[in-house]
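Take a look at the structure below.
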Amino acid sequence: MSLFAALRLPREILFGNGQRAALGTVAGRLGSRALVCTDARLSGSADFRTMVADLEAHGLAVRVDDSVLPDVPRDSASASADAARDFAPDVVIGIGGGSCLDLAKCTALLLAHGGTPADYYGERKVPGPVLPLVAVPTTAGTGSEVTPVAVLSDPDRLLKVGISSPYLVPQAAICDPELTASCPPLLTAIAGADALTHAVEAFMAKRRDPTPDLAQEHVFVGKSALTDHFALLAIELLTRSLERACRDGGDADARADVMMGALAAGCAFGTAGTAAAHAIQYPIGALTHTAHGLGVATLLPFVMTFNRSSCLPELARIAAAMGLEAPGSTQDALADRVIDRIASLLSAIGIPPSLSALGLAADRRDWTAEQALGIERLIKNNPRPVDLAAMKRLVAAAFEGDRRAVD
Ligand SMILES: NC(=O)c1ccc[n+]([C@@H]2O[C@H](COP(=O)([O-])OP(=O)(O)OC[C@H]3O[C@@H](n4cnc5c(N)ncnc54)[C@H](O)[C@@H]3O)[C@@H](O)[C@H]2O)c1
Ligand SMILES: [Fe+2]
């Protein structure tokens, strides 16, 4: 196997307590008229007002759009772009959870290229650079601050939709763990579990044939040496500190680990891509109206069990990152230990143990399997090939919450 890597990232990533105070300087290098996308809860906070004042102190004209709604309804993205046109921003800043960052990405896209979000659904439909983006996350989870994706909900479609393009990678990401201090335990758990799923799926993703076209024709290209590095860092930090951050939101060290974990997971999956757990969550989310992170994390131990036989060396490396190695352990024993430990961590932070506990109706299992299999970009990234029969068995085992039934 020859060494191969692909990685697309912001030009500048800042991480650390207090780094939000660099926003004015960073944005001032990119433009002079800043549109700030956030939600109504955040726009009233003292931290937010300080960041806006910092932008103004650096000479930027600022317009705040605090209309962001969870899961970014399609028409809200068009409305935000339409409302911003008369202001003519030259830099777009997203401050908030994944929904705020994704809305900022859509707005920067629509302001640069016109049209509607639906014109760009799918991979590599964005024709060129969008307005420069700065992302300031306030949750530790999605990794959207560094990824090439914006996720929307479209009232004409049952499943959520994605716009994936390297042009959507922000120019700068400013990750300040202090901004996550106000996240309640459930939000911390759901966002952090999404990040852990990103890291594990990116590290266990398929290794594709590294032709010169691979990274030019696709947004997500499978695992590679550099995405592996970020994925293992994320797994180490998240398995070490996520439970602690959920139990004690004031634990600054745990908050920093979890935010760094989410960032590193974004750096990994933004190029490697995710796989079956994310594919199955699409129909599950549509049917149960549960949060994205809750669904992918419920599925994670079952998908890991399904992929186990194709990924024994990867699971052994994950075991090392989690400090689970013991002298003389076989790869089989390490794989068991990793999956058990991840399942117990997820259970400890309140992730449901099964799809039935998540609210999936028994008579929708086969439909779920069919829909998941249709999400080709994620399914083709899964390390073990999946056909409909295998997908139905996997969904049925996850529905029952029985990992022994995964074959
Ligand atoms: N673009 C990507 O790469 C990517 C990856 C994964 C998920 N997503 C998408 O991101 C969205 C989920 O993002 P999310 O999990 O960050 O949640 P979110 O942005 O939808 O926010 C959820 C809630 O948390 C609140 N919140 C945010 N920060 C807070 C804070 N510091 N303190 C208290 N409350 C806070 C928000 O106001 C909101 O009410 C989904 O639409 C999902 O599909 C995108
Ligand atoms: Fe995710």
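Computed from heavy atoms alone, side chains included, the values below leave out hydrogens, waters and symmetry copies. In each ligand, atom 1 is the first atom listed, and ligand 1 is the first ligand listed.
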What is the closest protein heavy atom to atom 36 (C) of ligand 1, and at what distance does it sit? D39 OD2, 3.4 Å

Residue-level breakdown please: for Y282 versus ligand 1, do any non-hydrogen atoms fall below 4.0 Å on the side chain, on the backbone, on both, or on neither? neither

So which protein heavy atom does atom 9 (C) of ligand 1 come closest to, and at what separation? D102 OD2, 3.7 Å

Any luck finding a side-chain donor-acceptor pair between S165 and K105 under 3.5 Å? no

Could you find the nearest protein heavy atom to atom 20 (O) of ligand 1 and give me its residue, atom name and distance? S99 OG, 2.7 Å

Decide whether H292 and Q281 meet the rule of one side-chain donor and one side-chain acceptor closer than 3.5 Å. yes

Does R403 reach the side chain of P301, with side-chain heavy atoms less than 4.5 Å apart? yes

Sorted by chain and number, protein N/O/S atoms nearer to the Fe ion (ligand 2) than 2.8 Å are D194 OD1, H198 NE2, H278 NE2, H292 NE2

Tell me whether ligand 1 is touched by V72 - counting only heavy atoms on the residue side and a distance under 4.0 Å. no

We want to know whether T290 and T288 form a side-chain donor-acceptor pair, criterion being a heavy-atom distance below 3.5 angstrom. yes

Criterion side chain to side chain donor-acceptor pair (under 3.5 Å) on D65 and S67, from CA distance to verdict: CA-CA 6 Å; D65 172 355; S67 67; 2.6 Å; yes

For H58 and T25, which I'm curious about, is there any donor-acceptor pair between the side chains at under 3.5 Å? yes

Contacting atoms of ligand 1, where contact means under 4.0 angstrom from a heavy atom of S182: 30 (C), 31 (N), 32 (N), 33 (C)

Taking CZ in R11 as the centre, count heavy atoms belonging to other residues, nucleotides or ligands within less than 6.0 Å. Is the count above 12? no

Nearest to atom 16 (O) of ligand 1 by heavy atom, T274, I163, T139, L187: which? T139

Students often mix this up, so state it plainly: with edges at 30° and 60°, are the rings of H278 and F269 parallel, tilted or perpendicular? parallel

Any idea which protein heavy atom is nearest atom 26 (N) of ligand 1, and the distance to it? R41 NH2, 3.4 Å

Strictly inside 4.0 angstrom of atom 43 (O) of ligand 1, do you find any protein heavy atom? yes

D71 and S153 side chains, donor-acceptor separation under 3.5 Å: no

For atom 28 (N) of ligand 1, find the nearest protein heavy atom and state the residue, atom name and distance (0.1 Å precision). T138 OG1, 2.8 Å

Please write down residue, atom name and distance for the protein heavy atom closest to atom 17 (O) of ligand 1. G98 N, 4.2 Å

Once you restrict to heavy atoms under 4.0 Å, what part of T142 touches ligand 1? Side chain, backbone, both or neither. both

Within reach of ligand 1, part of D194 (heavy-atom separation under 4.0 Å): side chain

Matching residue for D407 among R308, R393, R384, K392 - test: salt bridge (Lys or Arg N to Asp or Glu O under 4.0 Å): R393

Side-chain ion pair, D90 and R33, N-O less than 4.0 Å: no

Of all the atoms in ligand 1, which lie at a distance below 4.0 Å from a heavy atom belonging to H198? 6 (C)

Let me see the working for R404 and T305 under side chain to side chain donor-acceptor pair (under 3.5 Å), right down to the final yes or no. CA-CA 9 Å; R404 286 162 313 174; T305 305; over 6 Å; no

When the side chains of residues 311-319 are checked against the rest of the protein, which donor-acceptor pairs come out under 3.5 Å, sequence neighbours left out?
none

Regarding atom 3 (O) of ligand 1: of the candidates T147, L42, L186, T180, which has the closest heavy atom? T147

With the threshold set at under 4.0 angstrom, would you say C183 reaches ligand 1 through any of its heavy atoms? yes

Proximal atoms of ligand 1 relative to V151 (non-hydrogen, under 4.0 Å): 43 (O), 44 (C)

Can you see whether Y282 has K160 sitting over its ring - NZ or CZ less than 6.0 Å from the centre and within 45° of the normal? no

Here the atoms of ligand 1 under 4.0 Å from any heavy atom belonging to L179 are 31 (N)

Residue of the set E201, K206, R208 for which side-chain hydrogen bond (donor to acceptor under 3.5 Å, both in side chains) holds with N381: R208

Go through ligand 1 atom by atom and flag the ones less than 4.0 Å from a non-hydrogen atom of G97. 16 (O), 19 (O)

